[in-house]
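One-based numbering, in listed order, for ligands and for the atoms of each.
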Amino acid sequence: MNYENLKKILFKLPPETAHNLAEVVLSSVAISPKLQQKLAKTYLVEDETLTQTFFNKKFKNPVGIGAGFDKNGKMVKALHALGFGFVEVGTVTPRPQIGNPRPRLFRFVKEESLQNAMGFNNDGATVVKERIKKVYPTDFPLGINIGKNKDTPLEESLKDYHFLIEEFQDISDYLVINISSPNTPQLRKLQNRSFIQELFSKKTDVPILLKIAPDMEEKEAIDLCVSAIEAGASGIIATNTSTNYSLLPNPQPFGGISGRVLKEKSFKLFKAIAKELFGKTILISVGGIDSPYEAIRRIKAGASLIQIYTAFIYKGPSLIKDINLALLQLLEKEGLNNISELVGVDIK
Ligand SMILES: Cc1cc2nc3c(=O)[nH]c(=O)nc-3n(C[C@H](O)[C@H](O)[C@H](O)COP(=O)(O)O)c2cc1C
């Protein structure tokens, strides 16, 4: 069955039910090498010119799945088979939590956008760690995105992040500090220089990236990213979902907005950060990427890697393939030997 037909069924279900169903199916793919092979044959584009090495690991292509799709690490190998060059699990919190009351995920079909207020629903570090141990090391990069528990007081947040770094440092290729979700009360208050400095003071060998919100002022975002890099961060992921509710007609009054309506806002902040940090660290662009054109625009603006969540829901795995094929075509046309030669050409 092609994705358009599958989507007709999935979109008849409430969004979170559809997601849970997809998770059941993809969890079984994740433990079946045969099914993975079959899917990879259809969707996974493998070509040396698309590969880059960061964090001592080879990224098979520059398109990853955004955090939040596989919060519990159940679908890792299936997502790779669907074409993603790298996979990010999480957000994982120290202790399990159920997240916010339902409904907490909303489709805006006409706008190809989503609004979510999940609130870090996840199985917690102990359970996710056991699951990840069974698949790691993977033959593609695996990142773990980490966040504080809702009931951890803000002033004790550091303990949660340092605990999670300890827990996952040996079973991941990179970690992501999530202090940019709008769905954990006060979390974004941690987007400040002194917290960042304390956070990165911890000694660890695992590369740690910072994921930021699209709603920050440009200057504030740049300062924060610069201080993160100075403090030892290995990269920046921009951006998370937005709380600017004017992006959507008839929005919910809570949660974060993603997808097509986030595109320009996310790109604008990414560009501002890239202007300052391109060449000094690894930059990952995420937010509203929904076409080969948009993927190429982010890469040319300085993104070594990109991530996609919402457009994967609306367009399915062929989008990932289309992006990678378009990149291959462009590299050939421009006479470039590797995707890295395309990264940042618009700002060099
Ligand atoms: C339902 C949903 C859940 C998400 N959960 C997380 C999460 O747990 N951690 C995180 O860092 N980002 C999370 N995100 C944000 C995405 O990773 C991404 O940054 C954002 O959606 C923008 O990309 P997109 O427009 O391609 O979706 C979530 C997004 C959605 C739609």
S.K.: Answer yes if the ring centres of Phe84 and Phe312 are under 6.0 angstrom apart, and no otherwise.
M.R.: yes

S.K.: Determine whether Thr91 and Thr184 satisfy the following criterion, side-chain contact (heavy atoms from CB on, under 4.5 Å), listing intermediate values before the conclusion.
M.R.: CA-CA 11 Å; Thr91 295; Thr184 294; over 6 Å; no

S.K.: What residue and heavy atom of the protein are closest to atom 26 (O) of ligand 1, and at what distance?
M.R.: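 Protein heavy atom with the smallest distance to atom 26 (O) of ligand 1: Tyr309 N, 3.0 Å.
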
S.K.: Which one of Ala67, Gly66, Gly256 has a non-hydrogen atom at the shortest distance from atom 16 (C) of ligand 1?
M.R.: Ala67

S.K.: Please list, in number order, the atoms of ligand 1 under 4.0 Å from a heavy atom of Gly288.
M.R.: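 So the atoms of ligand 1 that pass are 24 (P), 25 (O), 26 (O).
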
S.K.: As a check for students: among Thr241, Ile313, Asp70, Asn121, identify the option with a heavy atom nearest to atom 20 (C) of ligand 1.
M.R.: Thr241

S.K.: Pull out every atom of ligand 1 sitting under 4.0 Å from any heavy atom of Asn145, numbered as shown with elements.
M.R.: 10 (C), 11 (O)

S.K.: Relative to ligand 1, is Thr91 under 4.0 angstrom through side chain, backbone, both or neither, heavy atoms considered?
M.R.: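 The answer is both.
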
S.K.: With Glu46, which residues qualify under salt bridge (charged side-chain N to carboxylate O under 4.0 Å, His left out), at least two apart?
M.R.: Lys60

S.K.: Have Asp170 and Tyr136 got a donor and an acceptor in their side chains that come within less than 3.5 Å?
M.R.: no

S.K.: Give the atoms of ligand 1, by number and element, whose distance to some non-hydrogen atom of Gly68 is under 4.0 Å.
M.R.: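 Result: 4 (C), 5 (N), 6 (C), 7 (C), 8 (O).
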
S.K.: Does NZ or CZ of Arg297 come closer than 6.0 Å to the centre of the six-membered ring of Phe267, within 45° of the ring's axis?
M.R.: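 Yes, Arg297 and Phe267 form such a contact.
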
S.K.: Between Asp223 and Arg193, is there a side-chain N and carboxylate O pair less than 4.0 Å apart?
M.R.: no

S.K.: Within a distance under 4.0 Å of any heavy atom of Val286, pick out the atoms of ligand 1 and give their elements.
M.R.: 18 (C), 19 (O), 22 (C), 23 (O)

S.K.: With a 4.0 Å cut-off on heavy atoms, is Ser181 in contact with ligand 1?
M.R.: no

S.K.: Can you confirm, on distance only, whether ligand 1 has an N/O atom lying under 3.5 Å from any N/O atom belonging to Gly259?
M.R.: yes

S.K.: Considering only protein heavy atoms, which is closest to atom 21 (O) of ligand 1, and at what distance to one decimal place?
M.R.: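 Going atom by atom, the protein heavy atom closest to atom 21 (O) of ligand 1 ends up being Ser258 CB, 3.2 Å.
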
S.K.: Supply the atom-to-atom distance Ile196 CD1 to Ile177 CD1, rounded to the nearest 0.5 angstrom.
M.R.: 7.5 Å

S.K.: State whether Asp322 and Lys315 are salt-bridged, where the test is any N-O pair (Lys NZ or Arg NE/NH1/NH2 against Asp/Glu carboxylate O) under 4.0 Å.
M.R.: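 Result for this pair is no, no salt bridge flagged.
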
S.K.: Ligand 1 and Asn178, any nitrogen or oxygen pair closer than 3.5 angstrom?
M.R.: yes

S.K.: Would you mind listing which atoms of ligand 1 come within a distance below 4.0 Å of any non-hydrogen atom of Gly90?
M.R.: 8 (O)

S.K.: To check your reading of the model: name the closest protein heavy atom to atom 27 (O) of ligand 1, its residue, and the distance in Å.
M.R.: Thr310 OG1, 2.6 Å

S.K.: Would you say ligand 1 has an N or O under 3.5 Å from any N or O of Thr239?
M.R.: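 Yes; the residue has a nitrogen or oxygen that sits under 3.5 Å from a nitrogen or oxygen of the ligand.
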
S.K.: Which residue holds the protein heavy atom closest to atom 22 (C) of ligand 1, what is that atom called, and what is the gap in Å?
M.R.: Gly287 CA, 3.6 Å

S.K.: Find all atoms of ligand 1 within a distance of less than 4.0 Å from any non-hydrogen atom belonging to Leu105, and give their numbers and elements.
M.R.: 1 (C)

S.K.: At under 4.0 Å between heavy atoms, is it the side chain or the backbone of Lys71 that contacts ligand 1, or both, or neither?
M.R.: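 Under 4.0 Å from ligand 1, Lys71 contributes side-chain atoms alone.
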
S.K.: If you draw the axis of the six-membered ring of Phe11, does the NZ or CZ of Lys7 fall within 45° of it and under 6.0 Å from the ring centre?
M.R.: yes

S.K.: Does any N or O atom in Phe120 lie less than 3.5 angstrom from one in ligand 1, N or O only?
M.R.: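 No, since none of the N or O atoms of Phe120 sits under 3.5 Å from an N or O of ligand 1.
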
S.K.: Among all protein heavy atoms, pick out the one at the shortest distance from atom 15 (C) of ligand 1; state its residue, atom name and that distance to 0.1 Å.
M.R.: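 Answer for atom 15 (C) of ligand 1: Asn240 OD1, 3.5 Å.
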
S.K.: How does Lys211 reach ligand 1, if at all, at less than 4.0 Å between non-hydrogen atoms: by side chain, backbone, both, or neither?
M.R.: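 It is the side chain that touches ligand 1; the backbone stays farther off.
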
S.K.: Salt-bridge test for Glu264 and Lys271: reply yes if a basic N is under 4.0 Å from a carboxylate O, no otherwise.
M.R.: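 No.
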
